[in-house]
Number of protein chains: 2
Amino acid sequence: MAPQPIYLTVLQHLRKQVSQGRLKPGSRMPSENEIVRQFGISRMTANRVLSLLAAQGVVTRVAGVGTFVAEPRVHSHPLQVRSIADEIRARGHAHECRVLKLETTRAGAEWAGRCGVPAGARLHHSLLLHLENGVPLQLEDRHVNPKLVHDYLLHDFTRTTPHEVLMRAAPIQHAEHTVRAVFPDAALRKLLALGRSEACLLVRRRTWSDGQVVSAADLYHAGSRYELTGQFS
Amino acid sequence: MAPQPIYLTVLQHLRKQVSQGRLKPGSRMPSENEIVRQFGISRMTANRVLSLLAAQGVVTRVAGVGTFVAEPRVHSHPLQVRSIADEIRARGHAHECRVLKLETTRAGAEWAGRCGVPAGARLHHSLLLHLENGVPLQLEDRHVNPKLVHDYLLHDFTRTTPHEVLMRAAPIQHAEHTVRAVFPDAALRKLLALGRSEACLLVRRRTWSDGQVVSAADLYHAGSRYELTGQFS
DNA sequence: AAGTGGTCTAGACCACGAA
DNA sequence: TCGTGGTCTAGACCACTTG
């Protein structure tokens, strides 16, 4: 079934207890020795689980006292998880989506790493081009973990957005973004209708649900037509 | 002296090797067994050291192959007002700053608008190049409102950072960022030592204190060596 | 005194990649 | 085949806090 390390199994089990509210902030986590007895593992492995949870900010550990569920962290969201379609419609412009690819693939090394699945595992893959008033704005290259969203490919993405589909299937609890400037290759330049001297803004987004990566996406934007903004006080 | 755990001693030793450039990006780290022999510790402890370095992004581990020094890549939070020097030093790398320009100018239309002063008003102007371990990372083109920070130009920016100067003079209460990808011109390409097919990540930042714009800055980064990251839950 | 987390050891088996 | 990292065990000693 799931040939995964013991410590991961235990870790996900405890994470779920916390995320589902059965273990509330400030309450006591099972101690290392309790985990040893409960799961029949060695103390080193139990220690690994709790130390990892501490490193992830899920729990707080106090030597001589115990391990406790951390208070939910205050988050100022630098980059909101918002679909490009919403942004376009919020501007009162017309959004259009062209489906370039829709398939199930085997994960190569890179996408396997980003999606947290073994190389060779199946991944749903969609390649969508979003247009604002008929002008290409974003190329969305997305991989989705089929174990979490099995029917991902069955949707009509000209009418709904991946964002909506994912939110229904697996509520996003955590997101990670990295933003970089890249030099477009010929194919990308053509798809996004880029000028000769135009760079490309790449937003890489990963979203998690219950500690597992739901989806990883590369969002390419025309440098001259798209920018991220943020306020902070 | 310093009764600290063995793994910390070894970890700091290896970190220093990396930050001082004796172990360069892409080069091979000592394997777990080599560390075992070199420091006379158990393999579990050696594994802990390298795993921690991997979690910190200092190295990359590949099962069956080895452990390698990670490519330097600065991670930063888009909305956080943090000086590039702090980011570099937080990674344990050497920060160096070259002062390219330091002057008082008359505000043109663009900078006047961004700084909220009438066109033709005086503005302090600095052009600084920040280097990480000797490699250009950020070109900082900054204008400062002299009414709020009159002595801005009198500082030695090879020893202190504009961020520190501004924070002392006028505590930042609000910030605005916009992020975009731009195509570098020849001058910028030379200053940042950009490759032929390398884009540029431009962060435009404005900071306010008491409702007035303190400073407006254009921060240009090498696309291959800099990225913004953000997390939120 | 009992329980907690922090650290460390000396083994072990495995999958993987390179030679 | 050999070295690599990934994982796991069954002990151990310590400093610390709580009762």
Side-chain angles (χ1 to χ4, degrees), chain A residues 1-15 18 23 26-70 106-113 115-121 211-212, chain B residues 1-14 18 23 26-70:
Chain A
M1 286 293 290
Q4 73 176 350
I6 301 177
Y7 81 90
L8 255 190
T9 306
V10 180
L11 185 137
Q12 287 168 359
H13 177 265
L14 290 178
R15 278 195 75 117
V18 173
L23 289 170
S27 71
R28 195 183 193 80
M29 294 286 290
S31 76
E32 297 187 357
N33 285 326
E34 285 169 351
I35 292 177
V36 165
R37 289 191 292 271
Q38 185 176 347
F39 294 91
I41 62 179
S42 76
R43 210 201 118 198
M44 272 299 289
T45 305
N47 173 283
R48 181 177 191 169
V49 171
L50 289 179
S51 296
L52 274 174
L53 286 175
Q56 294 171 3
V58 178
V59 304
T60 302
R61 312 197 75 187
V62 183
V65 183
T67 302
F68 305 90
V69 179
R106 297 281 169 181
E110 187 198 340
W111 285 102
C115 291
V117 298
Q212 294 188 287
Chain B
M1 290 287 289
Q4 72 175 353
I6 302 178
Y7 80 90
L8 257 190
T9 306
V10 179
L11 185 138
Q12 288 166 356
H13 175 266
L14 290 179
V18 173
L23 288 171
S27 72
R28 195 182 193 83
M29 294 287 291
S31 76
E32 297 186 356
N33 285 324
E34 285 168 352
I35 292 177
V36 165
R37 289 192 293 270
Q38 185 177 347
F39 294 92
I41 63 180
S42 77
R43 211 201 117 195
M44 273 299 291
T45 306
N47 173 283
R48 181 177 191 169
V49 172
L50 290 179
S51 297
L52 275 174
L53 286 174
Q56 295 171 2
V58 178
V59 304
T60 303
R61 311 198 75 188
V62 182
V65 182
T67 302
F68 305 88
V69 180

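Sequence lines set the chain letters: A, B, ... in the order given, protein chains first and strands last, and positions in each chain run from 1. Note that this is a predicted model, so its numbers are computed, not measured.
With A:S27 contributing its side chain and A:L23 its backbone, the two residues share no donor-acceptor pair below 3.5 Å.
Rounded to whole Å, the distance from CZ on A:R28 to P on D:dT17 is 14 Å. The separation between B:R37 atom CZ and D:dG3 atom C1' is 10 Å, rounded to whole Å.
Within the 4.5 Å cutoff, the side chain of B:L52 has heavy atoms near those of the B:Y7 side chain. The side-chain heavy atoms of B:R61 and B:N47, taken from C-beta on, include a pair separated by under 4.5 Å. The closest side-chain heavy-atom distance from B:L14 to B:I35 is below 4.5 Å. Side-chain contact between A:M29 and A:V18 is present, with at least one heavy-atom pair separated by less than 4.5 Å.
Within the model, atoms OG1 of A:T60 and CG of A:L53 stand 11.0 Å from one another, a figure rounded to the nearest 0.5 Å. Put simply, CD on A:E32 and CE on A:M44 are 9.5 Å apart, with the number rounded to the nearest 0.5 Å. Taken from CD1 in A:I41 to CD1 in A:I6, the straight-line distance is 6.5 Å, to the nearest 0.5 Å.
The phosphate of D:dG5 (OP1 or OP2) has a side-chain N or O of B:T67 nearer than 4.0 angstrom.
Bounding nucleotides for the chain B contact on DNA chain C, 5' to 3', at a heavy-atom distance below 4.0 Å, are C:dT7 to C:dG17.
Comparing A:G64 and B:V65 by the nucleotide of DNA chain D that holds the closest heavy atom to each, the one mapping nearer the 5' end is B:V65.
Looking at residues 38-48 of chain B, you'll see B:R43, B:M44, B:N47 sit with a heavy atom under 4.0 Å from some atom of DNA chain D.
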